[in-house]
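Take a look at the structure set out below.
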Amino acid sequence: MSEYSRSPRQPRKKGSGSSGGGAAGSRRGAPGAKGRPGRPVAGGKAGARSGGKSAGPRFAGSTKASQPTKLPERKAAPQVDVHDPDGVRLQKLMAAGGVGSRRVCENLIEQGRVEVDGQVVTELGVRINPRTQVVHVDGVRVNLDEDRVYLAFNKPKGVVTTMHDELGRVSLEDYVGNREERLFHVGRLDADTEGLLLLTNDGDLAHRLQHPAYGVLKTYVATIRGPVQRDVGKRLREGVDLEDGPVSVDSFRIVDHQPGKAMVEVVLHEGRKHVVRRMLEAVGHPVLELVRTEVGPIRLADLKSGRTRRLNKAEIGALYKAAGL
C-alpha cells in the first residue's frame, strides 16, 4: 500500500503508535518493514514524533492529487496584415534606407529581425508604403522617406535661431534659406551661444528631441568665472531654484582650470530659455562663453563654424531611438 493511500483520519491499529508498547515503539527511527530507515508512513511512527498527530498526506484534501492544475489558455496576439499591394518591396526600401545590400536585407527579414508597424515580418514578398508605415531593424528605426532631411549645423555666435528675423539680424535663413525643404530647428540657441543645432523637416522627431519629457540629453561646454567651488557640482545635480521653477543637471564636470576662470561640461535634458546660463549664475559662476557640443547621440566634433553636414543613416537611426520612435 502506498504511503499516501491511507486517510489521516483513519484510526490506528492498537499498539502501532505507542511509545511503550513493544520493541518497535522503543526504537525511534528504526528501519521500516522493507528496510527503508526513517521513512514516514501515514498514521505510523512519524506521527509519534509530533505528539501523536499525523502529518497527513502531501495532497490532503485533494480529490485528484495526481492530475496537474490546468493553466488558463492565453489568447494569441492578433496578427496584423501590413502588406500593401500598391507599395514597394520591403527589402528594396531597406536597401535604399542604408541598411545593407538587397541580399543582406532579405536575410534580416527571414531571420525575423525586421518589424513593420510593430509586426515582425519574415516573408520576402511583403510590400509597404514608405510614407505611412514604420520599419525597425533590431529595434532601430529605418528612414524610408528620401524626402526627409537631417542636418547638423554649427551655429556661429551672433546668429539668431529663427528661419527669418523681422529685425534684419543674421539668422538661419542666411545659411540654409536656399534649400527647397522647409526645415525646423530642433530647440534654440541664444544669439551669444554657439555650437550644434539640428535642422530637419521631420516634425515629429524635432518635437520629441526638444521636449524634456523624452529625456534627450544636451551637452554644453561653458567657460565660467573661477575658481570653481567644490560643492557646485553637487548643488547643480540636486537642483537650483530659478524664477520659473527648480532645475537640475544630469551631470557636471570640470574640464580645465585657468587663472580667474574655468571650463566646465554641463549635461541636461531641460530646454528652457537661457537655462544653462541662469543655472551657473545661480551658483555664483556667470558664463563667459557657451558652446553646445552634443544633442543626444549627435556630436559637433570638428564641424566648422557656419557649416552644415548631412547626418548619416546610423546617426538618424540613433536619433529615432533616443526619441523613442
So, applying side chain to side chain donor-acceptor pair (under 3.5 Å) with [X], which one of [options] is it?
X: T193; options: R277, E289, K155, R292; result: R277
X: R113; options: D138, T122, N107; result: D138
X: D250; options: H269, R237, K218; result: H269

| Within residues 157-183 or reaching into it, pairs that qualify as side chain to side chain donor-acceptor pair (under 3.5 Å) - sequence neighbours excluded | H164-E173, D165-R169, R179-E181
| message | Quick check for you: to the nearest 0.5 Å, what is the distance between D81 atom CG and D117 atom CG? | response | 11.0 Å
| query | What distance separates S248 OG from R235 CZ, expressed to the nearest 0.5 Å? | reply | 14.0 Å
| said: Using a strict threshold of under 4.0 Å (side-chain N to carboxylate O), is an ion pair present between E106 and R103? | reply: yes
| So does R309 pair up with E315, basic N to acidic O under 4.0 Å? | yes
| remark: Looking only at heavy atoms, the pair that brings L290 and A222 closest together is CD1-CB, 3.6 Å
| remark: On a heavy-atom basis, the closest approach of G187 and L197 is O-CD1, 3.9 Å
| task | Answer yes or no: are there more than 12 heavy-atom neighbours, outside R148 itself, under 6.0 Å from its atom CZ? | result | yes
| Option from L93, I128, D84 for which side chain to side chain contact (heavy atoms under 4.5 Å, CB included) with V116 holds | I128
| request: Answer yes or no: is there a side-chain heavy-atom contact under 4.5 Å between V149 and R310? | output: yes
| request: Give the C-alpha distance, both sets of side-chain angles, the deciding distance and a yes or no for salt bridge (charged side-chain N to carboxylate O under 4.0 Å, His left out) between K273 and D244. | output: CA-CA 10 Å; K273 187 176 181 180; D244 52 354; over 6 Å; no
